[in-house]
Amino acid sequence: MRRRWMSAVAVTVAGVLSLSACGGGGDQKGTGDGQAAAKKQVEVFSWWTGPGEADGLKAMREIFEKQNPGLTFFDAAVAGGSGDKARALLSSKLQANQPPDTFQGHAGAELQGYIKAGKLEPLNSLYDELKLKDVFPQQLVDQLTYEGNVYSVPVNIHRSNVLWFNPQVLKEAGVAGPPKTIEEFVTALEAVKKTGKIPLSIGSEWTAVHLMESVLLGSLGTDAYNALWAKGADWSGPAVTKALESFKTILSYAGPPQDDWQPASKQVADGAAAFNIMGDWAYGYFHNPPDGGLGKKSKEDFDWAASPGTDGTFMWLSDSFTLPKGAPNRDGAMAWLKVAASKEGQDAFNPKKGSIPARKDADKSLYTDYLEWDLGQWASDKLAGSIQHGVVANDAWKTAITEAVGLFLQSKDAAKLQQALVEAAQTNNQ
Amino acid sequence: MSRVKRWLPGLLLVTPSIIAIAVFVYGMLGWNFRLAMTDQHDEISAGKFVGLTNFVSLWDQERWGISVRHAVVFTVVFVGGALALGWLLAFLMEKGIKGEGGFRTIYLFPMAISFVATGVVWRWLMNSGQGEQAVGLNRLLGALGLGFLENEWFRGQDWGMAAMAIPAIWQMSGYVMALFLAGFRGVPEELREAARVDGCKEWQVYRYVVFPFLRPVTLSALIILGHISLKVFDLIVSVSGKQIITDVPAVFMWVAVFDAHDPAKGATIAAYIVLSVAVFVVPYLIWNARREKRS
């Protein structure tokens, strides 16, 4: 009898201990890390783990460690394109008030959730100290500003409204060059269709949203597009109706949806499809040597232009770094942000990542081929923000738009799509 | 004192797990239902009690209707398919095949793989490209001269979810087979003998003796598959991601919580998932308890 008692107690105690050990262990680890970090380590949270982007991050890291011998860089990168998984982890860290020292986020409205929840510190003083308002385009700073404050430092700029095409396929179809307007685009798509090739390649659902933002911009024009994101904007007007009808027409020329953007781009590179509208990260995929890219020759195997109707407008998206409230190593984070904002840092990062610096004073010789064209456009174009990539619509709004487009892909009902977009704007644009 | 001695050690033994389950299962469930009855539609505001409003308004959303329909199609095809295939495999195995151990292992292997790995492989197999663009199964069908069978698989608008159930059937039918095989083996040989002596033909032995013995096994398999199916998330996300064309409640919940940052809506969907699983499980538990009482 006594033995049974003892064993029961032993098991119980062991159970309780292991339970409490889980909790206690977690806490200790947290504060322990925090204290160690407070002295030396700077935890930089990003989703840059792929080829190119990870190299760029490493180049920036080297500059950072050279300039700050007292600090070490702790790479807290979480794999996964466009940061879906990283952001899920980040929000749980922020909710538990255990932020990294600095984290990556798409510049613009995507950060609004964090800002409203009071998780981010404004960086106005950093902008003043480094005179960043002089080196970033004025429109970029305007579009980054939320209620008078800036909360992030853009490291790079990607372009969303790029029309990629296969010159050979266009030639076969008798299309003289990249279409300049939406109407010309539809004509060109029709011409390609007659040759039996896929007129427009498309990937999974989000690439349809990506296509829609380019069509909206091309059909509405820059000012009307930008006005859609102002408070109380009207989405129910006839101009939006016309744009969405065009979207529907263009989409009717799309080939079978591919798994993601890469297979869709590949169809253009392989000559199976004529056109694809995708962000400029496709350039690296087309151009880089096999094992990561397709090893195609630019201007011969593939070519590009501003997406139809958007010449002179740069639809941008940007990766940026932030300063969370309660960062364990605030000074270290500031030191990182300074490197991220610097000409040296941006010129080290961007050629490797395949994007251009947000700064206007970049070293032009580092950017060749597509990036040279891109940099030229960035300097001269008007700016518009991307929907899909988190610039103009906050997360909730963007999710509602994605949902509306996803339902539209099934129903093909443009009027219903517009109604859903109107509702999304009313609910979320406050 | 002696009475205390009798029940206290046992109680102490199970106390930790009672506490853990109370907090982490029922506590969290309760918390989720409470959240679902508030209007906390972002992560900052506190949220007021609004009763069942969220539960009602969810049905006004087109996406919810679609994802429920998808879940039903998936469940019917998956549960039906896995039960039928598992039963068939077990039946064949029960006939005393040579090298049974080897077959059993092969059929059970897919169980050892996670749905994510299965999903990645089947995403490629079920690629929707056709003709020149075909890869995976479509390519195979084309090469076999069965090109007319090439189809869009999970991208089909009406029956895409039925195609989505194929990998799940592939993965779980081995497990169902193992359950049924145990069931077949649990039928006492004497009963079969007795039936034969009474003049039963072989199919009658199965029809009247063996199959009735399998009913509890079938029910268990149904419960296990059913609750996996209603909660399915990993397979869908690794095959197609978060697209409306293959949307199910669990994916919708993820989008509501992590993309749209709408905790109340996410909690409402989660509550519906729990309730739908409960519809499966609770009657089984009641039935089980009654049976135990009887015996």
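Letters A, B, ... are given to chains in the order of the sequence lines, protein chains preceding strands, and every chain is numbered from 1. None of these values were measured; they are calculated from a predicted model.
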ask   = What part of A:Lys119 is in contact with chain B, defined as an atom under 4.5 angstrom from a non-hydrogen atom: side chain, backbone, both or neither?
value =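 Neither part.
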
Does [X], at its [atom1] atom, have more than 12 non-hydrogen atoms belonging to other residues, nucleotides or ligands within less than 6.0 Å?
| X | atom1 | result |
| --- | --- | --- |
| B:Arg63 | CZ | yes |
| A:Lys266 | NZ | no |
| B:Tyr26 | OH | no |

key: Within residues 254-270 of chain B, residues adjacent to chain A where the heavy-atom gap is under 4.5 Å   = B:Trp254, B:Val255, B:Phe258, B:Asp259, B:Ala260, B:His261

request  = Anything in residues 64-77 of chain B with a heavy-atom distance to chain A below 4.5 Å? Please list those residues in order.
outcome  = B:Ile66

task = Report yes if some heavy atom in the side chain of B:Arg155 is under 4.5 Å from a heavy atom in the side chain of A:Pro257; otherwise report no.
result =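 Yes, side chains in contact.
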
message = Could you measure the distance from the CG atom of B:Asp42 to the CG atom of A:Asn428? Nearest 0.5 Å is fine.
response =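 Those atoms lie 10.5 Å apart.
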
task = Calculate, to the nearest 0.5 Å, the distance between atoms CD and CG belonging to B:Gln61 and A:Leu407 respectively.
result =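 B:Gln61 CD to A:Leu407 CG: 10.0 Å, rounded to 0.5 Å.
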
Backbone N/O of B:Gln157 and side chain of A:Gln410: donor-acceptor pair under 3.5 Å = no

request  = Taking all heavy atoms of B:Gln243 and all of A:Glu205, pick out the closest pair and write down the distance.
outcome  =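 Closest approach of B:Gln243 to A:Glu205: OE1-N, 2.9 Å.
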
inquiry  = Is B:Asn127 close to chain A through its backbone or its side chain, or both, or neither, when contacts mean heavy atoms under 4.5 Å?
reply    =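 Side chain only.
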
